[in-house]
Amino acid sequence: MAKRVAVVLAGCGVFDGSEIHEASAVLVHLSREGAQVEVYAPNIPQMHVVDHVKGQPTQEQRNVLVESARIARGNIKDLATLDVKGLDALIIPGGFGVAKNLSTWATQGKNCSVCKEVEDVLRAFHAAHKPIGLCCISPVLAAKIFPGCEVTVGHDTECEQWPYAKTAEAMKELGCRHVNSQVSEAHVDARNRLVSTSAFMCNAPIHRVHDGVGSMVREVLRLA
């Protein structure tokens with residue numbers, strides 16, 4: 001029987017929403033594995049809107065659910081309606097929207113709060129022992145909510161290839177065990193049923209990011 005997987009988005013665009021290539025890779029790999037996908041997003045305002053040409057915030061106001069619908073081709077549901085009982089797994093792609101809309105990590109780091117609906121969903125899957133897949137920056141959500149968990153955001157030493165490695169240090173300060181990994185790999189925390197991959201935390205060719213997302217998806221489905 002096909003696995004039913006919830007994918008939670010955070011908007012549309014790397015700097016203020018979900019990273020589109022990561023979200024697309026998740027959907028492609030889930031499709032290839034024969035999974036049934038339900039896409040969700042919280043019906044909340046974005047923290048801000050970024051002009052992706054200039055890399056600067058604008059005065060626009062946008063809604064996370066409405067913007068996420070662009071990636072989902074309109075086939076999306078309000079996160080408040082998600083029922084964990086009918087689902088086998090959860091995946092959250094990365095992008096700055098995770099740190100700006102699904103949480104306040106972008107402005108508060110380890111002292112952040114997580115959007116209540118997002119936290120409730122993560123806790124529900126965790127309590128039901130159903131796997132959770134996390135890409136790029138989204139493992140910070142697990143680090144904040146599940147102390148002692150194991151995740152990866154790639155490497156913990158900053159360099160040209162790993163420009164966001166300080167994230168790993170902040171996660172460690174939350175009591176999380178960070179596991180260094182390559183961009184094409186996924187790390188499995190079997191006890192907490194968490195699967196994570198670094199994706200664009202690494203300055204890598206897009207096909208390698210796509211491969212890493214595929215590794216994560218396959219491990220999530222294996223655990224489901």
Side-chain angles (χ1 to χ4, degrees), residues 8-11 13-23 25-26 46-52 54-57 64 91-115 118-119 122 126 132-189 191-192 194-206 208-213 215-216 219:
V8 174
L9 300 180
V14 58
F15 298 125
D16 58 11
S18 288
E19 209 296 319
I20 296 170
H21 297 293
E22 291 179 23
V26 166
Q46 290 187 189
M47 173 185 146
H48 63 188
V49 176
V50 174
D51 180 329
H52 279 58
K54 298 179 180 178
Q56 298 174 352
V64 174
I91 294 179
I92 305 180
F96 279 90
V98 172
K100 294 178 176 180
N101 304 327
L102 304 191
S103 72
T104 59
W105 184 276
T107 55
Q108 295 180 295
K110 65 180 182 179
N111 298 315
C112 74
S113 60
V114 178
C115 169
V118 174
E119 180 170 354
L122 283 164
H126 189 259
I132 299 169
L134 303 161
C135 292
C136 194
I137 190 65
S138 64
V140 302
L141 302 174
K144 182 67 180 181
I145 297 172
F146 308 124
C149 69
E150 293 182 6
V151 289
T152 188
V153 289
H155 279 229
D156 56 8
T157 302
E158 193 170 308
C159 62
E160 183 178 354
Q161 187 179 14
W162 299 99
Y164 307 109
K166 289 181 180 177
T167 302
E169 293 303 318
M171 293 164 72
K172 291 177 187 177
E173 292 175 14
L174 285 170
C176 164
R177 178 171 180 256
H178 180 266
V179 179
N180 283 348
S181 66
Q182 298 302 316
V183 67
S184 58
E185 298 174 335
H187 177 73
V188 178
D189 177 350
R191 182 172 65 87
N192 287 292
L194 300 174
V195 186
S196 50
T197 189
S198 61
F200 282 107
M201 297 296 277
C202 181
N203 185 14
I206 192 170
R208 295 193 65 209
V209 172
H210 193 277
D211 291 345
V213 172
S215 297
M216 181 270 292
E219 290 294 341

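Nothing fancy with the numbering, it's 1 onward along the sequence. We use all heavy atoms of the structure for the numbers below, so side chains are in, but hydrogens, waters and symmetry mates are not.
- Although no hydrogens or angles enter the test, the distance criterion places a donor-acceptor pair under 3.5 Å between the side chain of N101 and the main chain of A10.
- Remark: F96 pairs with no residue by the ring pair (Phe, Tyr, Trp, His ring centres under 6.0 Å) rule, at least two apart or across chains.
- When the salt bridge (charged side-chain N to carboxylate O under 4.0 Å, His left out) test is applied to E185, no partner is found at least two apart in sequence or on another chain.
- Legend: salt bridge (Lys or Arg N to Asp or Glu O under 4.0 Å) pairs involving residues 135-154, not counting sequence neighbours, sorted by first then second residue: E150-R177.
- Residues V183 and A199 share a closest heavy-atom pair of CG2-O, 3.5 Å.
- Residue pairs meeting the salt bridge (Lys or Arg N to Asp or Glu O under 4.0 Å) criterion with at least one partner in residues 132-143, sequence neighbours excluded, do not occur; the list is empty.
- Taken from NE2 in H155 to CG in N180, the straight-line distance is 5.0 Å, to the nearest 0.5 Å.
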Cut-off 3.5 Å, no hydrogens considered: what does the side-chain donor-acceptor table look like for residues 159-170, sequence neighbours left out?
from : atom 1 : to   : atom 2 : distance (Å)
T167 : OG1    : Y164 : O      : 3.0
E169 : OE2    : K172 : NZ     : 3.2

Which donor-acceptor pairs under 3.5 Å do side chains of residues 132-141 form with protein atoms, sequence neighbours excluded?
from : atom 1 : to   : atom 2 : distance (Å)
S138 : OG     : I92  : O      : 2.8
S138 : OG     : C135 : N      : 2.8
S138 : OG     : C135 : O      : 2.7

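- In terms of the side chain to side chain contact (heavy atoms under 4.5 Å, CB included) criterion, residue partners of I145 (sequence neighbours excluded) are, by chain and number, V114, E119, L122, R123.
- At distances below 3.5 Å, not a single donor-acceptor pair connects side-chain atoms of T107 with backbone N or O atoms of K100.
- Rounding to the nearest 0.5 Å gives a distance of 6.5 Å between CH2 of W105 and CE of M171.
- With sequence neighbours excluded, no residue forms a salt bridge (charged side-chain N to carboxylate O under 4.0 Å, His left out) with R208.
- The side-chain hydrogen bond (donor to acceptor under 3.5 Å, both in side chains) test applied to N203 returns no partner, not counting sequence neighbours.
- Using a 4.5 Å heavy-atom cutoff, the side chains of P93 and L9 are in contact.
- A search for ring pair (Phe, Tyr, Trp, His ring centres under 6.0 Å) contacts involving H48 returns nothing, not counting sequence neighbours.
- In this structure N192 satisfies the side-chain hydrogen bond (donor to acceptor under 3.5 Å, both in side chains) test together with H126, D189, sequence neighbours excluded.
- Rounding to the nearest 0.5 Å places CD1 of I91 at 12.0 Å from CD of E22.
- Counting heavy atoms from C-beta outward, T152 and H178 have side chains that approach closer than 4.5 Å.
- Heavy atoms only, all atoms of each residue included: A143 and C176 are closest at CB-CB, 3.9 Å.
- We find the CD-NE2 distance between E219 and H187 to be 10.5 Å, quoted to the nearest 0.5 Å.
- Across all their heavy atoms, F200 and H21 have their closest contact at CE1-CB, 3.9 Å.
- For H210, the ring pair (Phe, Tyr, Trp, His ring centres under 6.0 Å) criterion is met by H29, not counting sequence neighbours.
- Residues E19 and V14 approach most closely at CG-CG2, 3.8 Å, considering heavy atoms.
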